[in-house]
Amino acid sequence: MKIATFNINGVKARLQTLLDWLERDAPDVVLLQEIKSVDEGFPREAVEDLGYNVETHGQKGFNGVAILSKLPLEDVTRGLPGDESDEQARWIEATVVGNTHAVRVCGLYLPNGNPVEFGADGKPLATGKYGYKLGWMQRLADRGAELIASEMPALMAGDYNVIPQAEDAARPEAWENDALYLYESRAAFRRVLNLGFTEAFRARVRGPGHYSFWDYQARSWERDNGIRIDHVLLTPQAADLMTDVGISRDERGREKPSDHVPVWVDLAA
DNA sequence: ATGTCGGTCCATGACCGA
């Protein structure tokens, strides 16, 4: 069961790019972020024609997540629990019924968190967009703890908007005061890992030079000025099933690319 | 280099978010 996460930066503007990739790569399950579309606007038929079931959690203009699956989906839920007042569409989960296992998959688009406000002491304040990010990450940890406790094969994958370590940025010094790399963001990410999750890519690959995002600006792709912010976190029962993992870097060099590329895992499920 | 995209809207470019 090949499961990929992909921030496509607008499903309508990226439809041909998405369809070409789906045909070429044939993932069984796709967790999409930043569809930037309401549910009714999602190009459902074009994706269904390639053999996918489609479940969306859309929002007008911004955010929006979706699950595409060649395998049956059950028990779909939308929205990250823990704050009824949160109206941003950043979380969707479902159970994928595989040949040998059922896998709970959670697709997430973690808040960017910029701009950050700093206090007189120079320390970041947990206010505004950065406060929303940190609060969202606490709710993520709460949901993650439930998944760990379930003792089921499960994963949480998506655009985490967190650079976990210096080696995950071509120029870490450029991100020092950015919400993607501030200590509190990385600490919150590590708290989620410490619940018992395996970060799929780093379970297999070490060292610098592995990125999942290159900004459209300043010739970032041409200079390989990237960051690794799209991650797949596996419960122990899912990690035991992992047979392969990768980042589809080449997608960034194609026609009309997203600024992110797919990150994928293969599970023996 | 305030650099590039995608989306929205009382649009024909300004703004917002990333």
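Below, each value reflects all heavy atoms present in this structure, side chains not excepted, and no hydrogens, waters or symmetry copies. Letters A, B, ... mirror the listed sequences (proteins, then strands); counts begin at 1. From a predicted model like this one, the values you see are computed outputs, not experimental measurements.
- Separating the CG atom of A:N112 from the P atom of B:dC16 is a distance of 16 Å, rounded to the nearest angstrom.
- Per the geometry, CG belonging to A:N7 stands 12 Å off C1' belonging to B:dG17, to the nearest Å.
- There is a side-chain donor-acceptor pair under 3.5 Å between A:N9 and A:K36.
- Cluster note: A:L182 groups with A:V116, A:F118, A:Y130, A:L134 through ILVMFWY side-chain heavy atoms spaced under 4.5 Å, whether in direct contact or through intervening members.
- Rounded to whole Å, atom P of B:dA18 lies 13 Å from atom CD1 of A:I227.
- Nucleotides B:dT8 and B:dG3 are separated by 22 Å at their P atoms, to the nearest Å.
- Taking atom P on both B:dC10 and B:dC15, the two are 15 Å apart, rounded to the nearest angstrom.
- Taking atom CD of A:Q59 as the reference point, atom C1' of B:dT8 lies 13 Å away to the nearest angstrom.
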Contact string for nucleotides 1-7 of chain B, one letter per nucleotide 5' to 3', B = base within protein heavy-atom range under 4.0 Å, S = sugar-phosphate only, - = neither, reads --BBSSS

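- Under a 4.5 Å side-chain heavy-atom cut-off, the cluster of Ile, Leu, Val, Met, Phe, Trp and Tyr residues that includes A:L233 is completed by A:L80, A:W91, A:L108, A:L110, A:Y132, A:W136, A:M137, A:L140, A:L147, A:I148, A:M156, A:Y160, A:V162, A:F189, A:V192, A:L193, A:L195, A:F197.
- One can place CG of A:L110 at 16 Å from C1' of B:dG17, the figure rounded to the nearest angstrom.
- The ring-ring contact (aromatic ring centres under 6.0 Å, His included) search around A:W21 returns A:F6, not counting sequence neighbours.
- Contacts of A:F213 with the nucleic acid, taken as non-hydrogen atoms under 4.0 Å apart, are absent.
- Separating the C1' atom of B:dC16 from that of B:dT2 is a span of 14 Å, rounded to the nearest Å.
- Sorted by first and then second residue, the pairs that involve residues 237-269 of chain A and meet ring pair (Phe, Tyr, Trp, His ring centres under 6.0 Å), not counting sequence neighbours, are A:F213-A:H260.
- In this structure, A:N161 places its CG atom 15 Å from P of B:dG17, rounding to the nearest Å.
- Residues meeting the ring-ring contact (aromatic ring centres under 6.0 Å, His included) test with A:H57, sequence neighbours left out: none.
- In this structure, a donor-acceptor pair under 3.5 Å is present between the side chains of A:S212 and A:D230.
- In this entry the distance linking CD of A:Q88 with C1' of B:dC16 reads 13 Å, nearest Å.
- Spacing between B:dG7 and B:dA11 at atom C1', rounded to whole Å, works out to 13 Å.
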